Novice: 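This structure is in structure tokens; I'll ask about it shortly.
Convention: sequence-line order gives letters A, B, ...; per-chain numbering from 1. It should be emphasised that the depicted structure is a prediction, and the values quoted were computed from it without experimental measurement.
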Protein chains: 4
Amino acid sequence: MSTDGQAATSAGRPRSEEAHAAILDATLELLVEVGYPALTVEGIATRAGVGKATIYRRWSSKLPLVIEAFGQLPALEEADTGDLVADLESMLRSYVRVFNSTPLGSVYPSLVGDCANDPELGKLLSPLLMERRRPLVHAFERAVARGELGPEIDLELAADMVVGPIAVRVFFSDRRLNPRIVPRLVQVALEGIRNSARGGSA
Amino acid sequence: MSTDGQAATSAGRPRSEEAHAAILDATLELLVEVGYPALTVEGIATRAGVGKATIYRRWSSKLPLVIEAFGQLPALEEADTGDLVADLESMLRSYVRVFNSTPLGSVYPSLVGDCANDPELGKLLSPLLMERRRPLVHAFERAVARGELGPEIDLELAADMVVGPIAVRVFFSDRRLNPRIVPRLVQVALEGIRNSARGGSA
Amino acid sequence: MSTDGQAATSAGRPRSEEAHAAILDATLELLVEVGYPALTVEGIATRAGVGKATIYRRWSSKLPLVIEAFGQLPALEEADTGDLVADLESMLRSYVRVFNSTPLGSVYPSLVGDCANDPELGKLLSPLLMERRRPLVHAFERAVARGELGPEIDLELAADMVVGPIAVRVFFSDRRLNPRIVPRLVQVALEGIRNSARGGSA
Amino acid sequence: MSTDGQAATSAGRPRSEEAHAAILDATLELLVEVGYPALTVEGIATRAGVGKATIYRRWSSKLPLVIEAFGQLPALEEADTGDLVADLESMLRSYVRVFNSTPLGSVYPSLVGDCANDPELGKLLSPLLMERRRPLVHAFERAVARGELGPEIDLELAADMVVGPIAVRVFFSDRRLNPRIVPRLVQVALEGIRNSARGGSA
DNA sequence: TCGTAAGCGAGACGGTACGTCGAGTCTTGCT
DNA sequence: AGCAAGACTCGACGTACCGTCTCGCTTACGA
């Protein structure tokens, strides 16, 4: 008899948003302080001033909790200077900086590794990771709009061409990547993207 | 230097090579069967028919053991057809295949994640990971030797340009990557590498 | 008696007598079904169709609730045949029967054990336990009135002399006491009570 | 190839007798300090300087552990003065004293109550409780040997006749029983035992 | 007749202990 | 000295209840 449309609020005391936020905050703090492998639900509960049951009522285990907390983190900070090269270099540099200077760089692969054995969780993490490189895709879109690049560009591939080589080094080779390779990398990647779009050498 | 022979062979019963191999085998088997997060030293010992102490006598913890077992795995199978494009496409396709169809794809990031919090272990893992993409570098070296590419090429960067975009997708986006993007990717990467080596558009 | 009425009736909704009864009933049912150690307030609330708060509004904890529920149970069913021996034997037999065939036998000592660490609760339980053997005392009183026993009898002691040996066996030795010892026990106890009342052998 | 007859000592490190003893000691200490209901396995483990697993390896739960610890306690201290009345009075007085002055008196009924729902555990506790009143039975045996009592006496019943009324009061009525009733009780009980043995009044 | 004050079922809250499991270490007797 | 076996301490796991605290509601009373 009304236009309420609400979900009936279900009986009983509603879940505390305070507790929810405190848990996510504590998770991120501890992630930074002790790293993912040493992260414990017990520790999170203590830090958040919350009972363990309150955590398990919301998340079935440590992993989805960390994924949600991780999702709260700011993504790649978007740069929009009007110039594609400048945009990409700026964003990649900030990318390298974050992974060099915060323990969050180690959370990334841990999460991926732990999710790999559980497709359900993978589905939670994947879109989140995709979302995080969206600023790169946007930079290419703007370049296309400005006429810097032809409209036939594969935006996803272009983004992966610039972020892939960085990611591969940052995760799988020597820690503390030197950010000086960023300009060279951007140059090579853009050269390939531009030329092969026009037909390439093949 | 006369009676040197071995490193003094030290007194007592020598370590069993059988046990050593059995442990590494059991580790790989279990890695495949249950995945890295569910891997336990106790399980490895049982499977190998070995006491836990025998494992800890050789490896200080689970991680270096897994790293050594991981190192036993065959690397990227080298392709040498005389044509750079063919070589790269063949190797990347096998790369995608392995990560799509074996649990090895999950071990990789797990290892990296766990190592990230212990630099000592990172030093064990890093060279191993570098070694695994060596076939890619070799393909570029052969191309340079054949004159397909100029000698001023940055081989490491070149390798990362082709493997990076693949790796980034295989690990961080939708599982089960479609291998059809391989030729397009190789084309774009080579275009960039070739052109920017000659001075590029910058 | 004019304006006194009740104890101010206090404002607000009165406590539901339905809920009260449902709680006590549920308590007894569960006591029988799962036993005292496995009895939970949560279970009682669910069974009674009542919120936990409604229970805690009336009883400070599980123990006083169980004590009150326990108090609702029928006491030793009084036998009055005109003959002391017959009365005692009848009542003791029913005593043995109840403790052999219902979980009430386990509630008794559990209650006592839990009360022992809280004198306040002990004060609630004690009179209740005293009340339950009152029929035995009455039987002796009637025997005195009939002249079967002299008036100098210590009624409490007499009651304990007949119920004590039974209780001690029912609680602390082999479960499922054989009721055939009842007549012999009554005989011995009465013999002692009668003789020592007249001065005894001391 | 020998007459060893041992149980082969089974492989592996043998269970530590030190730990075993430390656990039982800690259990008794805590039983006295905090009482049975507040006794926790975690507390015992901490006090004993032992891991929880070491406790659960030996006892399936708190109850059998407490039963075993309880079994270590000294029984009713035997009195042998050559006179039945003196023996009984002495032992009963010590019985009353223990229950009046130590928290162990509360452990007794708690144990019985918790065992009542598990026949398997009851079988562990029962013989132990029987054993504890053995000194009373012995006193009657000596009296028979001395000719104080006829040989047709039912020793078990006799023991229960003296301890039952005490037990029933100590457990189920007012805490802190007055030991002055002991002589009177012994007198009444013995009177009954002696007279009904000769045929009684029935 | 209506507010106001309590009681109501429901269920989340911070805690505490449970019983299990795995890590890495230690102690048997045997090789 | 190494070996398999298995107990050791430690500490986190995820679950279950405790006794308390909101929720939105119902129910009586007194203004």
Side-chain angles (χ1 to χ4, degrees), chain A residues 8-16 18-20 38-46 48-58 60-62, chain B residues 9-16 18-19 38-43 45-46 48-62, chain C residues 8-16 18-20 38-46 48-62, chain D residues 8-16 18-20 38-46 48-62:
Chain A
T9 46
S10 73
R13 176 172 174 177
R15 298 207 173 157
S16 157
E18 248 180 278
H20 197 93
L39 189 71
T40 69
V41 174
E42 225 138 39
I44 295 169
T46 303
V50 137
K52 268 200 291 179
T54 300
I55 295 182
Y56 284 107
R57 207 173 284 123
R58 291 153 205 274
S60 60
S61 73
K62 181 169 82 162
Chain B
T9 41
S10 68
R13 176 175 174 177
R15 293 196 178 170
S16 154
E18 251 180 273
L39 188 71
T40 69
V41 174
E42 228 136 39
T46 303
V50 135
K52 272 203 290 177
T54 301
I55 296 182
Y56 283 106
R57 207 173 285 121
R58 293 167 156 82
W59 296 276
S60 61
S61 77
K62 183 168 81 160
Chain C
T9 39
S10 70
R13 177 175 174 176
R15 295 196 177 169
S16 155
E18 251 181 274
H20 197 93
L39 188 71
T40 69
V41 174
E42 227 136 37
I44 295 169
T46 304
V50 136
K52 274 202 290 177
T54 301
I55 295 182
Y56 284 105
R57 206 173 286 121
R58 294 166 156 82
W59 297 277
S60 61
S61 76
K62 183 170 80 161
Chain D
T9 45
S10 73
R13 176 174 174 176
R15 297 206 175 159
S16 157
E18 249 180 278
H20 198 92
L39 189 70
T40 68
V41 175
E42 226 137 39
I44 295 170
T46 303
V50 137
K52 268 200 291 177
T54 300
I55 295 182
Y56 283 106
R57 208 175 282 123
R58 294 166 155 79
W59 296 278
S60 61
S61 74
K62 182 170 79 160

Novice: Side chain of A:Ala11: nearest nucleotide among F:dA12, E:dG24, E:dA10?
Specialist: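 In terms of side-chain proximity for A:Ala11, the closest of F:dA12, E:dG24, E:dA10 is E:dA10.
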Novice: What is the separation between atom CZ on A:Arg57 and atom C1' on F:dT22, rounded to the nearest whole Å?
Specialist: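 Going from A:Arg57 (CZ) to F:dT22 (C1'), I get 13 Å.
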Novice: What distance do A:Lys62 atom NZ and A:Thr40 atom OG1 have between them, rounded to the nearest 0.5 Å?
Specialist: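 Answer for the NZ-OG1 pair, A:Lys62 versus A:Thr40, is 7.5 Å.
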Novice: Pick the closest DNA chain F nucleotide for D:Ala53 and for B:Ala48 by heavy atoms, then say which residue is nearer the 5' end.
Specialist: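 With D:Ala53 and B:Ala48 compared, the 5'-side residue is B:Ala48.
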Novice: Any side-chain donor-acceptor pair under 3.5 Å between A:Arg15 and A:His20?
Specialist: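 Looking only at side-chain atoms, A:His20 and A:Arg15 do not form any donor-acceptor pair under 3.5 Å.
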Novice: Would you kindly compare D:Pro14 and B:Thr40 by the position of their nearest DNA chain E nucleotide and give the one closer to the 5′ end?
Specialist: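 On the 5' side of the pair lies B:Thr40.
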Novice: Rounded to whole Å, how long is the line connecting atom OH of D:Tyr56 with atom P of F:dG11?
Specialist: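 Rounded to whole Å, this separation is 18 Å.
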Novice: Once you round it to whole Å, what is the distance between C1' of F:dC21 and CD of A:Glu18?
Specialist: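 Roughly 13 Å, once rounded to whole Å.
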Novice: What is the distance from CZ of C:Arg15 to C1' of E:dG9, rounded to the nearest Å?
Specialist: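 Those two atoms, CZ and C1', are 16 Å apart.
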Novice: Return the value, rounded to whole Å, for the distance between atom CD1 of B:Ile55 and atom P of F:dA4.
Specialist: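 Whole-Å distance recorded here is 9 Å.
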Novice: Do the side chain of C:Lys52 and the base of F:dG19 come within less than 3.5 angstrom through a donor-acceptor pair of N or O atoms?
Specialist: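 Checked by distance alone, the answer is yes.
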Novice: More 5' along DNA chain F: B:Gly49 or D:Thr54, using each one's nearest nucleotide?
Specialist: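 Of the two residues, B:Gly49 wins.
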Novice: Between B:Lys62 and C:Ala45, name the one whose nearest nucleotide on DNA chain E is closer to the 5' end.
Specialist: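 Looking at the nearest nucleotide for each, C:Ala45 comes out on the 5' side.
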Novice: Atom CZ of A:Arg58 and atom C1' of F:dT15: how far apart are they, to the nearest Å?
Specialist: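 About 18 Å, once rounded to whole Å.
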Novice: Rounded to whole angstroms, how far apart are CD on C:Glu42 and P on E:dG9?
Specialist: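 It is 15 Å, rounded to the nearest whole Å.
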Novice: Does the E:dC8 base have a donor-acceptor partner in the side chain of C:Arg13 within less than 3.5 Å?
Specialist: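 Between E:dC8 and C:Arg13, which were checked side chain against base, a qualifying N/O pair under 3.5 Å is absent.
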Novice: Answer with base, sugar-phosphate or nothing: what part of the nucleic acid does B:Ser61 contact at a heavy-atom distance below 4.0 Å?
Specialist: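 Sugar-phosphate contact only - B:Ser61 comes under 4.0 Å of backbone atoms but never of a base.
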Novice: Using whole Å, what does the distance between atom C1' of nucleotide E:dA17 and atom CD1 of D:Ile44 come to?
Specialist: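 Spelled out: CD1 on D:Ile44 to C1' on E:dA17 is 12 Å.
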Novice: Taking all non-hydrogen atoms of both residues, which atom of A:Ala45 and which atom of A:Gly51 are closest, and how far apart?
Specialist: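 What the structure gives for the nearest pair is CB-C, 4.3 Å.
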Novice: With a 4.5 Å heavy-atom cut-off, do D:Trp59 and D:Val41 have their side chains touching?
Specialist: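 The answer is no, as the side chains (C-beta and beyond) never meet within the 4.5 Å cut-off.
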Novice: If you take all heavy atoms of B:Ser16 and B:Arg58, which pair is closest and at what distance?
Specialist: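 Smallest heavy-atom distance, with atoms named: O-NH2, 2.8 Å.
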